[in-house]
S.K.: 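Dropping the structure in here first, questions after.
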Amino acid sequence: QVQLVESGGGLVQAGGSLRLSCAASTRSFSFYHAGWFRQVPGREQEFVAAIRWNGEDTHYADSVKGRFTISRDNAKNTVYLQMNSLKPEDTALYYCAAAVYPSRYLSDAKFDYWGQGTQVTVSS
């Protein structure tokens, strides 16, 4: 069982930046692909970004490409999401997730563990 705890959310003006963190409860996390997702009430969950277990590959949704950067520090069992040039439409509850099976392609990753989320609100 892996527990994931997100932090770093908050209120920011459009054009600003935030850095989200996701801390895992086990060192096994360093062998799992990790991802960030977001959800707005009344809408489906949306994929944001994913990173390979060893950090050597990343994958982004088109809506955040060039603005967000996913990274990880396996020594700290932590994955990050640096969000720059934030827009009001980025407002959502952001979740991190872990995929136990190291799929060859990040786009095929099936996520098994989820955090509780951290709220990001971008004002216009």
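Note that the numbering runs from 1 along the sequence shown for the chain.
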S.K.: Under 30°, 30 to 60°, or over 60°: which ring-plane class applies to Tyr95 and Trp114, parallel, tilted or perpendicular?
M.R.: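 Tyr95 vs Trp114 ring planes: perpendicular.
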
S.K.: Distance check, rounded to the nearest 0.5 Å: Gln13 atom CD versus Ser124 atom OG?
M.R.: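 Nearest 0.5 Å value for the CD-OG distance: 9.5 Å.
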
S.K.: If I take atom OG from residue Ser7 and atom OH from residue Tyr80, how far apart are they, to the nearest 0.5 angstrom?
M.R.: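 Here the rounded value is 9.0 Å.
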
S.K.: Please determine whether residues Val12 and Tyr94 belong to a single hydrophobic cluster, defined as Ile, Leu, Val, Met, Phe, Trp and Tyr linked transitively by side-chain heavy-atom distances below 4.5 Å.
M.R.: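 Same cluster: Val12 reaches Tyr94 through Ile, Leu, Val, Met, Phe, Trp or Tyr contacts under 4.5 Å.
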
S.K.: Any side-chain heavy atom of Trp36 sitting closer than 4.5 Å to one from Phe68?
M.R.: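 Trp36 vs Phe68: side chains apart.
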
S.K.: Considering only residues two or more places apart or on different chains, which pairs with a residue in residues 67-84 satisfy salt bridge (Lys or Arg N to Asp or Glu O under 4.0 Å)?
M.R.: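 As it turns out, the salt bridge (Lys or Arg N to Asp or Glu O under 4.0 Å) pairs with a partner in residues 67-84, which skip direct neighbours, are Arg67-Asp90.
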
S.K.: Looking at CG of Leu11 and CD of Gln119, how far apart are the two atoms once the value is rounded to the nearest 0.5 Å?
M.R.: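 Reported to 0.5 Å precision, the distance equals 10.0 Å.
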
S.K.: Please tabulate, for the side chains in residues 45-61, all donor-acceptor contacts under 3.5 angstrom to protein atoms that are two or more places apart in sequence or on a different chain.
M.R.:
{"unit_1": "Glu46", "atom_1": "OE1", "unit_2": "Arg38", "atom_2": "NE", "d": "2.8"}
{"unit_1": "Glu46", "atom_1": "OE1", "unit_2": "Arg38", "atom_2": "NH2", "d": "3.3"}
{"unit_1": "Glu46", "atom_1": "OE2", "unit_2": "Ser63", "atom_2": "OG", "d": "3.4"}
{"unit_1": "Arg52", "atom_1": "NH1", "unit_2": "Ser103", "atom_2": "O", "d": "3.3"}
{"unit_1": "Arg52", "atom_1": "NH1", "unit_2": "Arg104", "atom_2": "O", "d": "3.3"}
{"unit_1": "Arg52", "atom_1": "NH2", "unit_2": "Asp57", "atom_2": "OD2", "d": "3.3"}
{"unit_1": "Arg52", "atom_1": "NH2", "unit_2": "Arg104", "atom_2": "O", "d": "2.6"}
{"unit_1": "Asn54", "atom_1": "OD1", "unit_2": "Glu56", "atom_2": "N", "d": "3.1"}
{"unit_1": "Asn54", "atom_1": "ND2", "unit_2": "Glu56", "atom_2": "OE1", "d": "3.4"}
{"unit_1": "Tyr60", "atom_1": "OH", "unit_2": "Ile70", "atom_2": "N", "d": "2.9"}

S.K.: Where do Ala98 and Tyr32 come nearest, in terms of heavy atoms and distance?
M.R.: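 Here Ala98 and Tyr32 meet closest at CB-CD1, 4.1 Å.
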
S.K.: When you group the ILVMFWY residues by side-chain heavy-atom contacts below 4.5 Å and let the links chain together, are Leu81 and Phe37 in the same group?
M.R.: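 Per the 4.5 Å side-chain linkage, Phe37 and Leu81 are not co-clustered.
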
S.K.: When you measure from the side chain of Thr118 to the backbone N and O of Gly9, does any donor-acceptor pair fall under 3.5 Å?
M.R.: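 Judged by distance alone, yes, a pair lies under 3.5 Å.
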
S.K.: Near Lys65 NZ, under 6.0 Å, is it more than 12 heavy atoms from other residues, nucleotides or ligands?
M.R.: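 Yes.
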
S.K.: Heavy-atom distance under 4.5 Å between the side chains of Val5 and Gln116, does that happen here?
M.R.: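 They are not in contact (no side-chain heavy atoms under 4.5 Å apart), so the answer is no.
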
S.K.: Donor-acceptor pairs under 3.5 Å, side chain of residues 16-24 to any protein atom, not counting sequence neighbours: which ones?
M.R.:
{"unit_1": "Ser17", "atom_1": "OG", "unit_2": "Asn84", "atom_2": "OD1", "d": "2.9"}

S.K.: Over all heavy atoms of both residues, which pair between Val40 and Ala92 is shortest? Give the atoms and the distance, please.
M.R.: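 Heavy atoms of Val40 and Ala92 come nearest at CG2-CB, 3.9 Å.
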
S.K.: Check for me, please, whether Val100 and Leu4 land in the same ILVMFWY cluster - side-chain distances under 4.5 Å, paths through other members count.
M.R.: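 Yes; Leu4 is reachable from Val100 via cluster members.
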
S.K.: What distance do His33 atom NE2 and Phe111 atom CZ have between them, rounded to the nearest 0.5 Å?
M.R.: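 Atom-to-atom, His33:NE2 and Phe111:CZ are 8.0 Å apart.
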
